[in-house]
Amino acid sequence: MADPVSPVLRLHDTHSREKRPFTPLDSENVRLYFCGPTVYDRAHLGNLRAMICADILVRLLRVLYPRVTYVRNVTDVDDKINARALENGEDIAALTARTTESFHEDLAALNILPPDIEPRATHHIEEMLDMIGRLVENGHAYVAEGHVLFAVRHFASYGELSGRSLDDMIAGARVEVAPYKRDPGDFVLWKPSPPDLPGWDSPYGRGRPGWHIECSAMSHRYLGESFDIHGGGDDLLFPHHENERAQSLCCYPGSRFATHWVHNGMLLSNGEKMSKSLGNFFTIRQVLEQAPAEALRLLYLGAQYRSTLDFTWEKLDETRRVLDRFYRALERGNAQENVPIPAEVLDALCDDLNTPVAIAALHQLADSAMQGDQDAASALLAGGRQMGLFTMTPAEWFRSGVDEAAIEKLISERLAARKARDFARADAIRDQLAADGISLEDGPNGTIWRKATP
């Protein structure tokens, strides 16, 4: 394990709006929380951005510190879930179980490590009601017509995280202006539930929690009143994270909630915001059915997490070719396991998770490994593994995604043609395979094949 004080991890903090050294509250146990999925449908490419950002960060923290507690929630009570279940004619519990399983499958395919703790919102209603009760008691929340609402103007630093004034946020946001609200910006902590929707008994009547209180309650349950890092997509900065921060700090006066905020940039698809109407909306599963998961992961790592990332099929093809080269370098250099992470990769990651610089370092190592440098190949393997790459052996990679039975059949036909001295047919088969990206190597023990490196 690397020395926890060297190299120094520097992360951009959304709250302070600067890149600063990361100093954990407890260097023996770094604690972080990332917002997970609302499980009403398959996760899409935009959802994946935050999951890969969290994965790179957690992998790095586990190198730098002896213990990391990573919590990522599942939101399984939400109006979107209720609407989708009604639309599908599906039981809500069945819908959330099915979509949670598909989320896990997609992330596992991309070699995204599971969290240490994955709480489900429906299992933590008691903790939510406890927080709501505290907020009502200390005057930061009020009860109105079966709803409990947080009074935003009672929290002096509301808007500090997102850097906007309360009046500007209300003017620019689509907020529900209901007659029972004292202020248009007040947000729901608890709301009534009719008999046909999920609901729980409470001092305020049968109801269900608002979205924001769910994450505050679950992070408090597993990480305490103050913890190190809270993360998610920048689309969650307002209102979700702003509201989480407000209610948590008001519920536990003197606490710090998250001391460091990490937000990833948005994802575009073919240069535009993803939209089904534009035909550029893709779920993770749709992409994985057409390309290797590792190529998709590398595409995401090619942009620094805070920048805008543009997904195109052309870029995905390019990252697949880059991986062909990396795997060929591992093969030619005869890479060995269990060597230290190269300093240039670790330094890049410690500089606000600068994955493009880390990948540039991998390319330099690959240059030497292609010349048979075993040390460079082994360092390439260690550096890539740190970023969740190189999950296969070169042999597995170069045979992945192809119809092995069909290739073997053509090789047998070519062998028969050569025995019959039909060299034109044998050459035609070789050319056909080459056109499909398959190269043949004839040797004393027969013919072997592999995917050709472009």
### Query
Can you list every salt bridge (Lys or Arg N to Asp or Glu O under 4.0 Å) pair that touches residues 248-271, not counting sequence neighbours?
none

### Query
Got a sec, which residues hit salt bridge (charged side-chain N to carboxylate O under 4.0 Å, His left out) with E101, two or more places apart in sequence or on another chain?
none

### Set of ring pair (Phe, Tyr, Trp, His ring centres under 6.0 Å) partners for H230, sequence neighbours left out
Y33, H241, F257, W261

#### Entry: Under the ring pair (Phe, Tyr, Trp, His ring centres under 6.0 Å) test, residues paired with F34 that sit two or more places apart
none

### Query
Are the aromatic rings of H363 and F326 close, with centres under 6.0 Å apart?
yes

#### Entry: S216 side-chain N/O to I213 backbone N/O, donor-acceptor pair under 3.5 Å
no

### Task
Would you confirm whether N280, through its side chain, and S269, through its main-chain N or O, come within 3.5 Å as a donor-acceptor pair?
yes

### E126 CD: over 12 foreign heavy atoms closer than 6.0 Å
no

### Task
Only counting residues at least two apart or in another chain, list the ones meeting ring pair (Phe, Tyr, Trp, His ring centres under 6.0 Å) with F282.
F311, W313

#### Entry: Main-chain N/O of C215 paired to N73 side chain as donor or acceptor, under 3.5 Å
no

### Task
Give me the ring orientation class for F150 and F187: parallel if the planes are under 30° apart, tilted from 30 to 60°, perpendicular past 60°.
parallel

### Message
One thing to verify: whether D130 and R134 come together as a salt bridge, which I'm taking to mean a side-chain N less than 4.0 angstrom from a carboxylate O.
### Response
yes

#### Entry: Pairs touching residues 44-63 that satisfy ring pair (Phe, Tyr, Trp, His ring centres under 6.0 Å), sequence neighbours left out
H44-F281

### Message
Under a 3.5 Å distance rule, please check whether T319 uses its side chain to pair with a backbone N or O of L316 as donor and acceptor.
### Response
yes

#### Entry: Audit row: Y252, H220, ring-ring contact (aromatic ring centres under 6.0 Å, His included) steps and yes/no
CA-CA 10 Å; Y252 303 107; H220 177 263; 4.2 Å; yes

### Query
Would you call R385 and E337 a salt bridge, taking side-chain N to carboxylate O under 4.0 Å as the test?
yes

### Query
Does the E441 side chain pair with the main chain of S439, one donor and one acceptor, at a distance under 3.5 Å?
no

#### Entry: Pairs satisfying side-chain hydrogen bond (donor to acceptor under 3.5 Å, both in side chains), at least one member in residues 295-305, at least two apart
D55-R297, Q304-D352, Y305-D352

### Task
Give a yes or no answer on whether the side chain of T75 reaches the backbone of T38 with a donor-acceptor pair at less than 3.5 Å.
no

### Query
Is a salt bridge present between D234 and R306, judged by a nitrogen-to-oxygen distance below 4.0 Å?
no

### Message
Can you list everything that forms a salt bridge (charged side-chain N to carboxylate O under 4.0 Å, His left out) with K273? Sequence neighbours excluded, please.
### Response
none

#### Entry: Geometric class of the Y327/W397 ring pair [parallel <30°, tilted 30-60°, perpendicular >60°]
parallel

#### Entry: Under 3.5 Å donor-acceptor, E244 side chain and H212 backbone
no

Donor-acceptor contacts under 3.5 Å from residues 366-373 side chains, at least two apart:
| unit_1 | atom_1 | unit_2 | atom_2 | d |
| --- | --- | --- | --- | --- |
| D367 | OD1 | R325 | NH2 | 2.2 |
| D373 | OD1 | D375 | N | 3.0 |
| D373 | OD1 | A376 | N | 3.0 |

### Query
Do N29 and Y65 have side-chain N/O donor and acceptor atoms under 3.5 Å apart?
no

#### Entry: Side chain D442, main chain T447, donor-acceptor under 3.5 Å
no

#### Entry: Within residues 104-129 or reaching into it, pairs that qualify as ring pair (Phe, Tyr, Trp, His ring centres under 6.0 Å) - sequence neighbours excluded
H124-Y222

### R49: salt bridge (charged side-chain N to carboxylate O under 4.0 Å, His left out) partners, not counting sequence neighbours
none

### Query
Taking E396 for the side chain and T393 for the main chain, is one N or O donor matched with an acceptor at less than 3.5 Å?
yes

### Short side-chain donor-acceptor distance under 3.5 Å, H15 and E160
yes

Which atom pairs, one a donor and one an acceptor, fall under 3.5 Å between side chains of residues 338-348 and the rest of the protein, sequence neighbours left out?
none

### Message
Can a donor-acceptor pair be found, under 3.5 Å and without considering hydrogens, that links the side chain of D351 to the backbone of N354?
### Response
no

